[in-house]
Amino acid sequence: MNQKIRQPIVTVAGHVDHGKTSLLDNIRKTGVAENEAGGITQKISFTKVPLNQVECRCPLLTEKKVKLDFPGFLFIDTPGHAAFSHLRKRGGSLADLAILVMDINEGIMPQTAEVIELLKLNKTPFIIALNKIDNISGWRKISENLKENIESQPINSKLNFDEKLFTIIGALHHHGFNAKPFWEITDFTSQLALIPCSARSGEGIPELIMMLCGLSQKFLKENLRLGDEAKGVILEIKKEKTIQYAEAILYDGIISIKDEIAIASFNEPIISKIRVLEEILPLSNKFRPLTETVAANGIRMQL
Ligand code: GTP
Ligand code: MG
């Protein structure tokens, strides 16, 4: 039995434009969102964020001397546009954990509700990033500590924030959730954590990462134990001239260039050799070739 622990797969989902890609950009320190066609995400993408980057974006981990047993996260970005419901389903079914991103100023919108139902169906544990707090009228970033910053807001901004927060808590109650701001959570198995944040100013991002690490460490460890057999989900098959590429998420085991893979299809399963195997580079959307790689990973195969 393999004792290695793999990265938790964290799917980021929510309504269009609520800031999913921006949130990942803030964690990675990249600028993917601003370069997207029409400012809209149109496919599922994955990013490997190694532990050193996780620690760098969340100094709280070092301050509190938290030791993590897993090697980082594999994040999956999903589109929020109504047309991409099939991609949200696929991204949602892969997740060990999910971040539901919600614009605090807009609350639950149609695709937010769609994602909530999907997470319920798959029994995926999740947290909610209440993004764009910097858009609340009069909001200022005064302290690096989120809780202190919320308490230090001008009275009208604080009232505005509280009102939005309570409205969202009420709406989540209708979906069957007992949601609370994360600092009030006493039991993560029965309460849903809300993390106010801003992908623009970076407020709340360390706290969000802290939550992800805490939940992964506490509740997922058994699920993260690496099996021997390679298992994955194909996201996309691309044909360039005569070459076929498959982009996939390897969610368990070890895959080698010597392996034959079986792909489920409507008729017979497709059995194929792997001509070229590539894995995604950390914090990047580029691939590098190799002969063997371990889950969790974003991979590309030439078939
Ligand atoms: P889709 O993938 O198309 O569903 O959108 P998305 O959820 O990935 O949103 P994206 O990150 O592309 O952000 C949408 C817009 O909101 C962009 O113009 C961002 O700059 C802006 N935005 C994202 N996060 C924040 C934030 O925290 N504060 C403010 N003020 N703007 C934000
Ligand atoms: Mg996006």
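A quick note: this is a predicted structure, and the numbers were derived from the prediction, not measured. Just so you know, ligand 1 is whichever comes first in the structure, and atom 1 is the first atom listed for that ligand.
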Looking only at protein heavy atoms, identify the closest one to atom 3 (O) of ligand 1 and say how far it is in Å. Thr41 N, 3.1 Å

Counting from 1, what ligand 1 atoms have a heavy atom of Ile40 closer than 4.0 Å? 3 (O)

Min N/O separation Ala33 to ligand 1 under 3.5 Å: no

Answer yes when Glu203 and Arg200 have at least one side-chain N-carboxylate O distance shorter than 4.0 Å, and no when they do not. no

Quick one: does any side-chain atom of Gln191 pair with a main-chain N or O of Asp187 as donor and acceptor, under 3.5 Å? yes

Ligand 1 to Gly80 polar contact by distance, N or O atoms, under 3.5 Å: yes

Using a strict threshold of under 4.0 Å (side-chain N to carboxylate O), is an ion pair present between Glu279 and Lys48? yes

Tell me how many protein N, O or S atoms are closer than 2.8 Å to the Mg ion (ligand 2). 2

May I have the list of side-chain donor-acceptor pairs in residues 230-253 shorter than 3.5 Å, sequence neighbours left out?
residue, atom, partner, partner atom, Å
Glu247, OE1, Lys43, NZ, 3.4
Asp252, OD1, Gly227, N, 2.8

Is Ala199 in polar range of ligand 1, meaning some N or O pair under 3.5 Å apart? yes

Hey, any chance Leu119 and Leu208 share a hydrophobic cluster, counting ILVMFWY side chains that come within less than 4.5 Å of each other, even indirectly? yes

Asp77 N/O under 3.5 Å from ligand 1 N/O: no

Would you check if the side chain of Asn145 reaches a backbone N or O of Lys147 as a donor-acceptor pair within less than 3.5 Å? yes

